[in-house]
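These notes are about the structure you will find just below.
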Amino acid sequence: MKKVAVVGYAQHKILPNAGALNEVELIMPVVHKVFNDLGISQDDIGFTCSGSCDYLQGAAFAFVEGLSAIQTSPPIKESHVEMDAAWALYESMLKIKMGDADTALIYGFGKSSPGNLDSIISLQMDPYYISPLWPDRVSLAALQAQILLHQKIITHDEMMATVIEARNNAANNPNALLTDQVSEDLYQADSLISSPLRGFDCPPISDGASAMVIASEDKAFEFTDNPIWIEGIDHSIESSNLGSRDLTTSPTIQNAITNLNLKNINFDVAELHTQFSHEVPFLRKLLNLTNVPTNLSGGPLVGNVMMCAGLDAIGKTFQSLVSDQSDHGIAHASSGPCLQHNMVVHLERHK
Amino acid sequence: MNDSKINLLEAPFELSYKYKRSSGPVMSKFFEGLSQMKIFGTKSKAQKVFAPAAEYDPDTREALTEIVEVGPGGTIESWSWVNSPRSHHLLKTPFAFALIKLDGADTAMLHMVSDCNESDLSIGKKVLPVWTENPTEAITDINYFILES
Amino acid sequence: MSDDQAPKDYKESFIHLEYQYTAGSATTTFLNQVKEGRLVGQACPKCKAVYVPPRGSCPRCGIATSIEVPLTDKGCVESFTVVHIPIPGNPIVPPYVCAMIRLDEADISFLHLVQDNEIDQIRIGMRVQAAWKPKDEWTHSLENIKWFAPIDEPDVDVSTLRFKPS
Amino acid sequence: MIQAGVIGVGQTNYDSKRRDVSMAGLVREAIDKAMLAADIEWDAVDAVVLGKAPDMFEGVIMPELYLADAIGAVGKPVLRVHTAGSVGGSTAVIAASHVCSGQFKTVLTVTFEKQSESNATWALSPRYPYSPHINAGAGGYFAPFIREYIRRYEPPEHIGWKVAAKDRQNALKNPLAHLQIPGIDEKMVSETPMLWEPLRYLESCPSSDGACAMVITSEDRVGSRNVAWIRGMAVRSEGTLSAGRDEVNPQGGIDCAKDIYQQAGIQNPRTEIDCAEIYVPFSWYEPMWLENLGFCDLGEGWKLTDEGVTAMDGSLPVNMSGGVLSSNPIGASGMIRFGEAALQVMGLAEDHQVEDAKISMGHAYGGAAQFFAMWIVSSTKD
């Protein structure tokens, strides 16, 4: 199997309301940015894959509109996942490994501002038993937070520290949406949306887009002196029956730890697709990352572009390994209520 | 190009539709039960009871067909208090979403708990359903659960 | 009422979602002109293809269409169909003609209505011009054009319309 | 590249309303059949790939989350594909890519649509601000392309009727097909109401509930099983509103077909391919795609149809199962083409089996005739 490397990544500045920009106008700048950084064009791309969700904009076939941002003459090898673009990366990697392409462009985009994300995400749930009760995304996440606190797997203080740290880290991320510092007093004074989650524990409504280019081992060095290798990538899903899941742990994260043999790797940096504050200490403990700098970008708590934030975690990890000249990074992408579907990516810079 | 110069066109729109759900044999029994104030689960070969009646066992992947009655009381496994219900929530006064393990079941059901204060709630508390007066064979035939007095 | 009495073999589940639509800059610019009775396309700076209505990009080249190109409201029927069935949510009473209208100087067509006294006279290549609603009814919509109506000009050979990059 | 093959195809029966099952039950019905045909148990499944058309059809966002238990995906990787009408075909290609990459040995893939729980026309044409009331449904969108085809090559009007009758006659030999119209013939088609000129009622596809699943495995896991070897597979896309696009004969379709022929070593598809399942939702798309796929020269496709070449007893049978014109669970329609192509070379197509079929083609398209997915399957590995 061919090895695959991330060679480029670009992210649109995360906006609270990108009304001025339609899908095309959001996607095109990031695709051009990543192409320009690498000095390439669509002609150098063997496979293109995107991730998006129609319901965010309320229009079936949002991805078809988005494709107009891409050069498609001559026709391209292209596909789309109705998932976070991290899974578009996964599909693209398979295409390279099988030899169908040597390079791939991945992009994700999402505009949460046009609709009511809370009620939209209720439609992810079982349509017979659960979504008619309209549980919102915050309340669902809060159910897991409550159990984790009750079992003392995490603490309120850790949640607060996560929020404060995320805002601090955002100062170093020019694309972050929320950069205001949060003090302990300010945090404590914030009202509970769905207990135990306060407003600060939740991600902001965000609009944006990101693009990434990956390449096979044969091609990677043509594009960059600094390819970051996808040393391991693993994802799996948990039960759709929320009430049958053990929310105090994550079998899918455990799967990844085993399958990717992560136990003995000393990671230099981690970016987790943790949309709610309690998920950060929870996953750091599961992944043995308590001493690893995590979400130096601020993570989803300072900007959470739906369908893109998972790809962004991988992209931010890539950027850290390139800029810090460090060796091992771990990125995480997630989908579904209470971290139902998890992907873990081990990125490595070869000396 | 000239984003700042133009006043963007904006207008509201709605997606409203009445979906016609077919429940299949297992969920139909569950919904029929609700309309008669009974709660049914399904039992796997390994005697694990899923409530509400699940169609498939997530772990063994077997199709579940054996119906067993559970509840109607249950225990709170987790909860989240919504002090200010939002527009799409069914209850307009403060309530909790909760995972409720019905008596005799091995898995929890997502529903709501109301008629109480947040401070009354904790994991392990016993609850009872409050039934609607106009059942329609839907999950909302239980209005919500209340704390057992 | 009789429907309610029949046993239903399904359960209704009502989904209602509210959105705020924003048109994006290319569409807003176009519709602002439409409100004034003008059709303004956008051209690709690379291959020069003219798009109307513009979406802000040329999918041939994958770049933004930055050049504004005023167009006439005349064109031809690139192809069409006569719709005979009512479509949910569409108030137009059948039969009516739904046509791919290619404006002069434009390199893509868009769907609009064509109205003529004789539906069976409508043909591919026929020259048409926009029939605008009264000016005081103009809004930000291509519905300002009631339909396209035939004009007395020779038919166009549509096979010559295919865009060739310059 | 690692070689892969289809070892099991499972389909539900197709019907306008499968009220007897939930969405999960529908999908599982196809999966159970595919796994039984493949003679595998759940522990052999390494990953699951799910495809369907827009989430708005059933009002369930990212349905792999709700369906994880029913599709047996718990603890496994699952990918959800959505590429418009071509999705069933793209899903098969992506599932096979899971195997051909070497990352997985055996993959379960399933596609579905349960249109009875919703209304596709509604989901596709909500009233958006600033948009004129032009939408005339899918038929209204494709009919102008068909009219342009007719203008270019001047085929007689009965060609459309002939395709519609032929596919429904084939459906009578496929007990799973949705439309079963005894005595169907060209005359009956020609007497049905006009919907979107030149398309009449029976020249259009139905709206169906249904699911189609396949098990795809790598060469080293095939064992003694009956297998349809994947000899070539490809996808192509072009932008919707792209200047210079020929909607009647899209370049994406031409390129995609050339790609799979090259992979499969096919010089002359007309003689080397024994039968094909081609995505024909409206009758005239049979001749249009025959040309686009290189089975004949431009303008000659309708003649193949007219001469009976594409009939069950012709030299290039097309849509032996009855095709999209007989069963159309949108998200699954592409995979049904791919799965039926596999059944032909496995010799499992029962009453609609083409005698001695060794190489067959599966084809799907979607969007504004802009998304293409295709594969060639064969009874032999090379």
Side-chain angles (χ1 to χ4, degrees), chain A residues 1 48 52-55 58-61 63-65 67-83 87 90-91 93-100 120-128 130-131 234-241 244 251-252 255 335-337 340-341 343, chain D residues 1-2 22-23 48 53-62 64-70 73-84 90 93-94 97-98 100-103 117 123-124 126 128 234-242 244-245 250-252 254-256 367-368 370-372:
Chain A
M1 276 192 290
T48 302
S52 70
C53 172
D54 287 349
Y55 258 107
F61 301 119
F63 76 96
V64 181
E65 297 283 351
L67 188 61
S68 292
I70 308 297
Q71 175 198 319
T72 52
S73 178
I76 59 172
K77 295 181 182 177
E78 187 267 349
S79 197
H80 171 258
V81 294
E82 193 86 354
M83 305 177 84
W87 278 269
Y90 191 86
E91 180 178 335
M93 183 203 67
L94 296 177
K95 290 290 185 184
I96 292 178
K97 282 188 185 282
M98 71 181 275
D100 192 36
I120 290 170
I121 295 300
S122 295
L123 302 185
Q124 276 188 346
M125 308 301 290
D126 182 318
Y128 307 93
I130 301 185
S131 59
D234 185 83
H235 73 100
S236 54
I237 197 167
E238 293 174 31
S239 172
S240 36
N241 190 339
S244 80
T252 51
N255 279 351
S335 177
Q340 185 189 349
H341 191 180
M343 175 186 288
Chain D
M1 190 177 85
I2 289 152
S22 64
M23 275 179 257
V48 183
D55 292 356
M56 264 170 216
F57 281 1
E58 288 85 2
V60 181
I61 294 182
M62 301 182 218
E64 76 279 6
L65 300 170
Y66 145 64
L67 289 171
D69 298 5
V74 174
K76 300 178 181 188
V78 62
L79 199 81
R80 155 71 194 296
V81 184
H82 173 22
T83 62
S90 328
V93 170
I94 292 156
S97 302
H98 275 67
C100 295
S101 67
Q103 199 85 4
E117 300 216 4
L124 294 180
Y128 293 116
V235 294
R236 287 295 186 283
S237 306
E238 25 186 280
T240 320
L241 298 170
S242 187
R245 218 166 78 76
Q251 191 64 40
I254 297 170
D255 293 357
C256 194
Q370 68 191 120
F371 300 115
F372 299 90

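All heavy atoms count here, side chains included; hydrogens, waters and symmetry mates do not. Order of the sequence lines sets the chain letters (A, B, ...), proteins ahead of strands, with each chain counted from 1.
When each of H341(A), Q71(A), H235(A) is scored by its heavy-atom pairs under 4.5 Å with chain D, the top score falls to H235(A). In terms of non-hydrogen atom pairs under 4.5 Å with chain A, the most contact-rich of I94(D), V60(D), V93(D) is I94(D). Chain A forms the most heavy-atom pairs under 4.5 Å with one residue out of S90(D), P250(D), S97(D), and that residue is S97(D). When each of A84(D), S242(D), G367(D) is checked for heavy-atom pairs under 4.5 Å with chain A, A84(D) comes out on top. Note: S239(A) leads S239(A), G336(A), S122(A), S68(A) in heavy-atom pairs under 4.5 Å with chain D. Taking M343(A), M98(A), M125(A) one by one and counting their heavy-atom pairs under 4.5 Å with chain D, the maximum is reached by M98(A). Listed options G252(D), G75(D), A70(D), A53(D) were ranked by heavy-atom pairs under 4.5 angstrom with chain A; first place goes to G75(D). By number of non-hydrogen pairs under 4.5 angstrom with chain A, the leading residue of L241(D), V48(D), L79(D) is L79(D).
Atom CG of D126(A) and atom CG of D69(D) lie 9.5 Å apart (nearest 0.5 Å). The CZ atom of R245(D) sits 10.5 Å away from the OG atom of S73(A) when rounded to the nearest 0.5 Å. Taking CD of E238(A) as the start and CG of L65(D) as the end, the distance is 11.5 Å to the nearest 0.5 Å. Atoms OG and CG, on S101(D) and D100(A) in that order, are 11.0 Å from each other to the nearest 0.5 Å.
When the side chain to side chain donor-acceptor pair (under 3.5 Å) test is applied to S131(A), no partner is found at least two apart in sequence or on another chain. E82(A) is linked by a side chain to side chain donor-acceptor pair (under 3.5 Å) to nothing, counting only residues two or more places apart in sequence or in another chain.
Both the backbone and the side chain of E64(D) come within contact range of chain A, judged by heavy atoms closer than 4.5 Å. For I2(D), no part lies under 4.5 angstrom from a heavy atom of chain A. Looking at S244(A), there are no atoms closer than 4.5 Å to chain D (heavy atoms on both sides), in backbone or side chain. Contacts between M93(A) and chain D at a heavy-atom distance below 4.5 Å involve the side chain alone, from C-beta outward. For I96(A), no part lies under 4.5 angstrom from a heavy atom of chain D. Proximity to chain D (any heavy atom under 4.5 Å) is shown, for S79(A), by both the backbone and the side chain.
For the pair I61(D) and C53(A), the tightest heavy-atom approach, listed with the atom from each and the gap, is CG2-SG, 4.0 Å. Listed here is the closest heavy atom pair of A73(D) and I237(A): O-CG2, 3.4 Å. Here the closest heavy-atom approach between residue Y66(D) and residue S240(A) is recorded as O-OG, 2.9 Å. Residue Y128(A) comes nearest to M23(D) through the heavy atom pair OH-N, 2.9 Å, listed as atom of the first residue, atom of the second, then distance. In this structure, M56(D) and A59(A) approach most closely via the heavy-atom pair CE-N, 3.4 Å. Of all heavy-atom pairs between M83(A) and R80(D), the closest is SD-N, 3.2 Å.
With contacts defined as side-chain heavy-atom distances shorter than 4.5 Å, the pair M62(D)/S335(A) qualifies.
Aromatic rings of F63(A) and F371(D) (six-membered ring for Trp) have centroids within the 6.0 Å cut-off, being under it.
The closest donor-acceptor contact from the side chain of T72(A) to the backbone of G239(D) lies under 3.5 Å.
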Output, in order, the C-alpha distance, side-chain angles, deciding distance and verdict of side-chain contact (heavy atoms from CB on, under 4.5 Å) for T240(D) and V64(A).
-> CA-CA 7 Å; T240(D) 320; V64(A) 181; 3.2 Å; yes
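Note on ring orientation: taking the six-membered ring where Trp is involved, the planes of H98(D) and Y90(A) are tilted (angle from 30° to 60°).
Applying the side-chain hydrogen bond (donor to acceptor under 3.5 Å, both in side chains) test between S237(D) and each of E78(A), K77(A), H80(A) identifies E78(A) as the sole match.
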